[in-house]
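The block underneath contains the structure these notes are about, expressed in structure tokens.
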Amino acid sequence: MDKSIKGITRDRLKIAPIDEWHIYKQRPLVIAGPCSAESEEQVMLTAAGLAATGRVDLFRAGVWKPRTRPDQFEGVGTVGLKWLRQAREEYGLPVAVEVATEKHVYEALKHGVDAVWIGARTSVNPFALQEIASALKGADVMVFVKNPINPDLELWIGAIERISKAGISRIAAIHRGFSSWEKSAFRNQPRWQIPVEMRQRIPDLPMICDPSHMGGDRSFIADLSQKAMDLNYDGLMIESHIEPASALSDSKQQVTPAELTEILDSLVLRSPTSDDPEFLETIEDLRSQIDVYDNLLLDILESRMQVAETIGRYKKEHGITILQSSRWKEIKDNAVDKGVRKGLTPEFIQTFLEAIHQESITHQMRVMKED
Ligand code: PEP
Ligand code: MN
């Protein structure tokens, strides 16, 4: 099969599949640790707790924190790297830190980290990415690239290409969700179709889910992790702190090592068993894609109904009727034309639109009745 889509080839990227990584034992690869290194004691106690679970493949802690507003805790800086090194020596856990500048890379490499990750606020910036990639040239480290905060797959791929061109082969993507102005239960919108598309574009690229930053609340972590496993992700990055309530950053979304174990134990790892595993795996992948699109359809319908309600309120204020036949006919004719060009049957589009229209009217009626 031709793997070159829009100019990207497996060969050009030279990505090592996850089962060739020395830290990988089984699915899911687990990266865990506090949002921030806060003190020697907090780092060592958390590392001890996580090492004792026997489930963690890579210990993470941020020492330079990209904070949205000034005067928040911005990390302890280089001293935190000493604590990471200590945790590594004491508990035999490989360690990872976030880097956002060339100076961060030099400091991290000097302190012998095994891995670095590039945060969502950094992966949006090609200048920063290039600076980091150049500083990493030839280094023997694993590099995790978080999705940019905006839903831009090309930008995410570009970041990965820059790291790859620096001669790094153990590169993985971390899906942590995307910023959105709209209110939502999640801190960052998953938009699962973007990583799904990424996997089609770069099939060997290991994909890790970060349900902590996606959900923004520890109560979402188990469900999001399960979803990621169902979509066949390779691993999870979960923020874990020895005492989440006292954390200096992202307190609401961190879990204790014991809670982490519970979450991991609750995961259902579906592995197809059959004479023809490749066939089953493909079917499972495709079905997950269908689920992604069905969920998207529901989200879109929800947004559409919200607009219908707003229109309802507006019409009510101005004393206008709900049903305006000319507008409805125009919508239908346009959609049938467009849909037919997309390979849908006119009957389907008619039925689908009638149902949506009926539901919109129901919502508008409800609004009209409000006082
Ligand atoms: C983090 O991992 O602590 C972090 C800052 O994440 P993100 O870049 O996803 O916001
Ligand atoms: Mn965090």
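Counting from 1, the numbers follow the sequence of the chain as shown. Just follow the structure's listing: the first ligand is 1, and inside any ligand the first atom is 1. This structure is a prediction, so every number in the text was calculated from the model and none was measured. No hydrogens, no waters, no symmetry mates; every other heavy atom, side chains included, goes into these values.
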query = Would you call the rings of His175 and Trp156 parallel, tilted or perpendicular if under 30° counts as parallel and over 60° as perpendicular?
reply =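 Rings of His175 and Trp156: tilted, as their planes differ by 30° to 60°.
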request  = On the 0 to 90° scale, with breaks at 30° and 60°, tag the His318-Tyr314 ring pair as parallel, tilted or perpendicular.
outcome  =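 Taking Tyr314 first and then His318, their aromatic rings sit tilted (interplane angle of 30° to 60°).
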request  = For the pair Met44 and Trp83, evaluate side-chain contact (heavy atoms from CB on, under 4.5 Å) and give the outcome as yes or no after the intermediate values.
outcome  = CA-CA 7 Å; Met44 294 307 280; Trp83 307 334; 5.5 Å; no
Among protein heavy atoms, which sits nearest to [atom], and what does the distance come to when rounded to 0.1 Å?
{"atom": "atom 4 (C) of ligand 1", "value": "His213 NE2, 3.5 Å"}
{"atom": "atom 8 (O) of ligand 1", "value": "Ala120 N, 2.8 Å"}
{"atom": "atom 10 (O) of ligand 1", "value": "Arg176 NH2, 2.8 Å"}

Among the N, O or S atoms of [X], the one nearest the Mn ion (ligand 2):
{"X": "Asp250", "answer": "OD2"}
{"X": "His213", "answer": "NE2"}
{"X": "Glu239", "answer": "OE2"}

key: Any donor-acceptor N or O pair under 3.5 Å, side chains Arg304, Ser360   =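 Short answer, yes.
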Flag for Glu182-Ser180: side-chain donor and acceptor within less than 3.5 Å =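 Looking only at side-chain atoms, Glu182 and Ser180 do form a donor-acceptor pair, the distance falling under 3.5 Å.
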query = Any sub-3.5 Å donor-acceptor pair from Ser225's side-chain atoms to Ile221's backbone N or O?
reply =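 Yes, Ser225 side chain to Ile221 backbone: donor-acceptor pair under 3.5 Å.
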query = Within a radius of less than 6.0 Å around CD of Gln72, do more than 12 heavy atoms belonging to other residues, nucleotides or ligands occur?
reply =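 Yes, CD of Gln72 has more than 12 neighbouring heavy atoms, counting only those of other groups under 6.0 Å.
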key: Closest to atom 2 (O) of ligand 1 (judged by heavy-atom distance), picking from Arg60, Glu239, Glu98   =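 Closest candidate by heavy-atom distance is Arg60.
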task = Mark the output for Cys35 as yes if a heavy-atom distance to ligand 1 is under 4.0 Å, and as no if none is.
result =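 Flag set, Cys35 near ligand 1.
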Basic-acidic side-chain contact under 4.0 Å: Glu40, Lys82 = no
task = Using a 4.0 Å heavy-atom cut-off, say whether Met237 meets ligand 1 through its side chain, its backbone, both or neither.
result =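 Under 4.0 Å from ligand 1, Met237 contributes no heavy atoms.
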ask   = Which of the atoms of ligand 1 are close to Trp117, meaning less than 4.0 Å from one of its heavy atoms?
value = 2 (O)
task = Enumerate the atoms of ligand 1 whose separation from the nearest heavy atom of Lys146 is less than 4.0 angstrom.
result = 1 (C), 2 (O), 4 (C), 6 (O), 7 (P), 8 (O), 9 (O)
